[in-house]
Amino acid sequence: SEGAWCYDSQDPKCGPTHWKEIAPACGGPAQSPINIDLHLVRRDLTLRPFIFHGYDSAPPGPWTLENDGHTVLLHVDTGPQSRLEMQGAGLPLPAYRALQLHFHWGGPGRAGSEHSLDGQRRPMEMHVVHMNTRYQSMGEARAHPDGLAVLAVFLAEQDSDNANFSALVSGLKNVSARGVSVDLASTFPLASLLPGASGLSRYYRYWGSLTTPGCEPAVLWTVFEDAVPIGRAQVAQFQSVPQAGPPGSQPAPLTENFRPQQPLGGRRVSASPG
Ligand code: SG7
Ligand code: ZN
């Protein structure tokens, strides 16, 4: 049902303008990503800090890294003994559990974040996908407006590597084609990939959608203001992850895997006071 979509960089015939043909919600309201116009955001004093459970230590693994042909995903939900949950921060009750994180990137010299602040894109954007613990499955969560909460983190390029990305980036060379999964050599504290040494950054908040088909309007988005640094060479590793290709071919690298920005419509973006 959602097998036929792609990014324009892969094939314009199945790119974002065609997504609504296979998933009607992609042409519907409350879509993501968006540009955040900082003059129009409304400060909301109820947007208190996040409460993170289990993000400060390396949980039992293994964590699996997967190339799904559209991005690279790190599956961090390995069962009840390694529960990663967040609350507070204006999130609906009772809590949201971390399932996976994945990335959107550009191409050589081209920024690839999905969101932007005052029109400013960043080289990459990381999404940590969480599911409301009141729902039993992803399918059920995707059918409810409060089903999912995604933390969006901008990645800013610097000359030196960020060691907190080392375990993940070393796995990239092993997810050599669509459908290939590998176990990471080690887990690490999720907080080490969040801004401000544990998500203490100011954040922006709005109701939106998944940024890939089916584009369900089931996501409470948090976009952190502060970027997390990543090394130039590490960004290049993402930009050389291969996409699917015909058998025996040298598949082209997966690049520019971000959705075009969507109209805000009648929605409001709020800002935490921090
Ligand atoms: C990527 O983005 C994957 C998807 C994800 C989608 O294509 O990470 O993950 C899986 C497991 O298919 O979709 C349902 C879901 O998490 C959209 O996620 S996003 O809106 O955060 N970009
Ligand atoms: Zn994403």
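In each ligand, atom 1 is the first atom listed, and ligand 1 is the first ligand listed. The model shown is predicted, which means the values in this text are computed figures rather than measured ones.
- Taking 4.0 Å as the cut-off between side-chain N and carboxylate O, E114 and R259 do not count as a salt-bridged pair.
- No continuous path of ILVMFWY side-chain contacts below 4.5 Å connects L101 to L73, so the two sit in separate hydrophobic clusters.
- The pair D226-R202 fails the salt-bridge criterion, with no side-chain N (NZ, NE, NH1 or NH2) lying under 4.0 Å from an Asp/Glu carboxylate O.
- Taking the salt bridge (charged side-chain N to carboxylate O under 4.0 Å, His left out) definition, one finds that E140 meets it with nothing, sequence neighbours left out.
- In this structure, the side chains of T222 and Y206 stay at 4.5 Å or more apart for every pair of heavy atoms.
- Using a 4.0 angstrom heavy-atom cutoff, H104 counts as in contact with ligand 1.
- Residue nearest to atom 15 (C) of ligand 1, selected from H102, M138, H130, R259: M138 (by heavy-atom distance).
- Closest protein heavy atom to atom 7 (O) of ligand 1: T212 CG2, 3.6 Å.
- The nearest protein atom to atom 1 (C) of ligand 1, hydrogens excluded, is given as T71 CG2, 3.8 Å; this is a heavy-atom distance.
- Protein heavy atom in closest approach to atom 5 (C) of ligand 1: Q100 NE2, 4.0 Å.
- By the criterion of a heavy-atom distance under 4.0 Å, neither the backbone nor the side chain of F103 is placed next to ligand 1.
- Partners of R268 under the salt bridge (charged side-chain N to carboxylate O under 4.0 Å, His left out) rule, at least two apart in sequence or in another chain, do not exist in this structure.
- Atom 12 (O) of ligand 1 is never approached by the protein to below 4.0 angstrom, counting heavy atoms only.
- The residues R232 and D159 are annotated as salt-bridged, a charged nitrogen and a carboxylate oxygen being separated by less than 4.0 angstrom.
- Less than 2.8 Å away from the Zn ion (ligand 2), the protein contributes these N/O/S atoms: H102 NE2, H104 NE2, H127 ND1.
- Closest protein heavy atom to atom 22 (N) of ligand 1: T211 OG1, 2.7 Å.
- Close approach of ligand 1 to L73 (heavy-atom distance below 4.0 Å) involves ligand atoms 3 (C), 8 (O), 9 (O), 10 (C), 11 (C).
- Among pairs with a residue in residues 251-274, none fulfils ring-ring contact (aromatic ring centres under 6.0 Å, His included), at least two apart in sequence or across chains.
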